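Accompanying notes for the structure given below.
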Amino acid sequence: MSGKGKGKAGGSKGGKGKGEDSGDLGSAVKVKVRHILCEKQVKLMEAIKHLNGYTEGETSYPPKKFNQVAELFSEDKARDGGNLGWITRQSVEGVFAEVAFSTPVGQVSAPFKGRHGWHILTVEGRANS
């Protein structure tokens with residue numbers, strides 16, 4: 001999800017997104033990422049609920065944009081809608097890099113546990129230089 005309210009958290013529809021390379025996800029040198037970090041998995045699952053939209057009683061709540069949910073739920077200093085900007089594999093911890101570089105552009109990753117807590121992320125672009 002690119003902060004435009006498209007896609008589902010943990011989903012992957014395939015295809016090429018804007019800025020995506022030739023389909024070899026591992027070949028990018030850097031990726032542009034937004035993320036949501038929560039200490040507790042239950043809080044991250046609540047964030048995912050807001051990303052996907054949900055129904056409570058007889059009221060339906062539409063999906064929210066990734067950056068809006070990040071501002072509401074993320075517990076880190078990336079308060080600008082979870083924007084981390086362009087990252088390289090060497091600039092982040094192993095599991096974060098692994099997920100960031102294997103998530104297609106425009107999709108939201110499945111939840112994963114990192115050194116700092118529970119994450120989901122979305123990749124907004126890929127670059128080979």
Side-chain angles (χ1 to χ4, degrees):
M1 182 158 19
S2 64
K4 295 182 181 174
K6 296 179 182 172
K8 296 282 186 187
S12 179
K13 294 182 181 176
K16 292 182 182 178
K18 183 177 180 182
E20 189 173 349
D21 61 15
S22 63
D24 182 6
L25 296 177
S27 69
V29 173
K30 57 186 177 179
V31 292
K32 186 174 182 188
V33 174
R34 286 185 187 269
H35 81 134
I36 297 172
L37 168 66
C38 299
E39 181 182 352
K40 304 286 185 190
Q41 185 179 21
V42 68
K43 185 173 180 182
L44 186 67
M45 299 314 286
E46 183 72 13
I48 291 170
K49 184 170 101 171
H50 286 264
L51 279 174
N52 292 333
Y54 63 99
T55 301
E56 210 168 83
E58 296 196 17
T59 306
S60 292
Y61 298 91
K64 291 185 179 174
K65 296 177 182 179
F66 193 95
N67 62 324
Q68 293 171 325
V69 176
E71 288 174 7
L72 292 171
F73 287 92
S74 195
E75 298 172 357
D76 71 337
K77 295 180 182 176
R79 295 287 178 199
D80 181 24
N83 186 17
L84 296 178
W86 290 95
I87 63 169
T88 63
R89 290 180 189 275
Q90 296 76 25
S91 67
V92 293
E93 69 171 305
V95 67
F96 195 98
E98 182 180 318
V99 174
F101 282 84
S102 64
T103 299
V105 171
Q107 297 297 312
V108 175
S109 72
F112 63 97
K113 178 96 165 102
R115 183 175 41 180
H116 301 290
W118 286 90
H119 302 266
I120 54 173
L121 60 79
T122 185
V123 174
E124 296 183 327
R126 298 188 171 287
N128 290 320
S129 59

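All values derive from a computational prediction rather than experimental measurement.
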Aromatic ring pairing Phe96/His35, orientation class (parallel under 30°, perpendicular over 60°, tilted between):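 Taking His35 first and then Phe96, their aromatic rings stand perpendicular (interplane angle over 60°).
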Phe73 and His50 aromatic ring geometry - parallel, tilted or perpendicular at 30°/60° bounds: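 Geometry flag for Phe73 against His50: tilted rings.
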Close side-chain approach of Asn67 to Asn83, heavy-atom, < 4.5 Å: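 Heavy-atom side-chain distance check fails, nothing below 4.5 Å.
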Just by distance, do the side chain of [X] and the backbone of [Y] share a donor-acceptor pair under 3.5 Å?
X: Arg34; Y: Asp80; value: yes
X: Thr88; Y: Lys30; value: no
X: Glu93; Y: Arg115; value: yes

Which heavy atom of [X] sits nearest to which heavy atom of [Y], and what is that distance?
X: Gln41; Y: Trp118; result: N-CD1, 3.4 Å
X: Thr55; Y: Ser60; result: OG1-OG, 3.3 Å
X: Phe101; Y: Arg126; result: O-NH2, 3.6 Å
X: Ala100; Y: Val33; result: CB-CG2, 4.2 Å
X: Ala70; Y: Gly82; result: CB-N, 3.6 Å

Let me check something: do [X] and [Y] share a hydrophobic cluster, defined by ILVMFWY side-chain heavy atoms less than 4.5 Å apart, either directly or through other members?
X: Leu121; Y: Val29; answer: no
X: Met45; Y: Val69; answer: yes
X: Leu37; Y: Val99; answer: no
X: Val123; Y: Val92; answer: yes
X: Leu72; Y: Ile36; answer: yes

Results of side-chain contact (heavy atoms from CB on, under 4.5 Å) for Glu71 - residues two or more places apart only: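 Per chain and number, Glu71 pairs via side-chain contact (heavy atoms from CB on, under 4.5 Å) with no residue.
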Salt bridge (charged side-chain N to carboxylate O under 4.0 Å, His left out) evaluation trace for Glu46 with Lys43: CA-CA 5 Å; Glu46 183 72 13; Lys43 185 173 180 182; over 6 Å; no
Over 12 foreign heavy atoms within 6.0 Å of NZ, Lys113: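 Buried by this count: over 12 neighbours within 6.0 Å.
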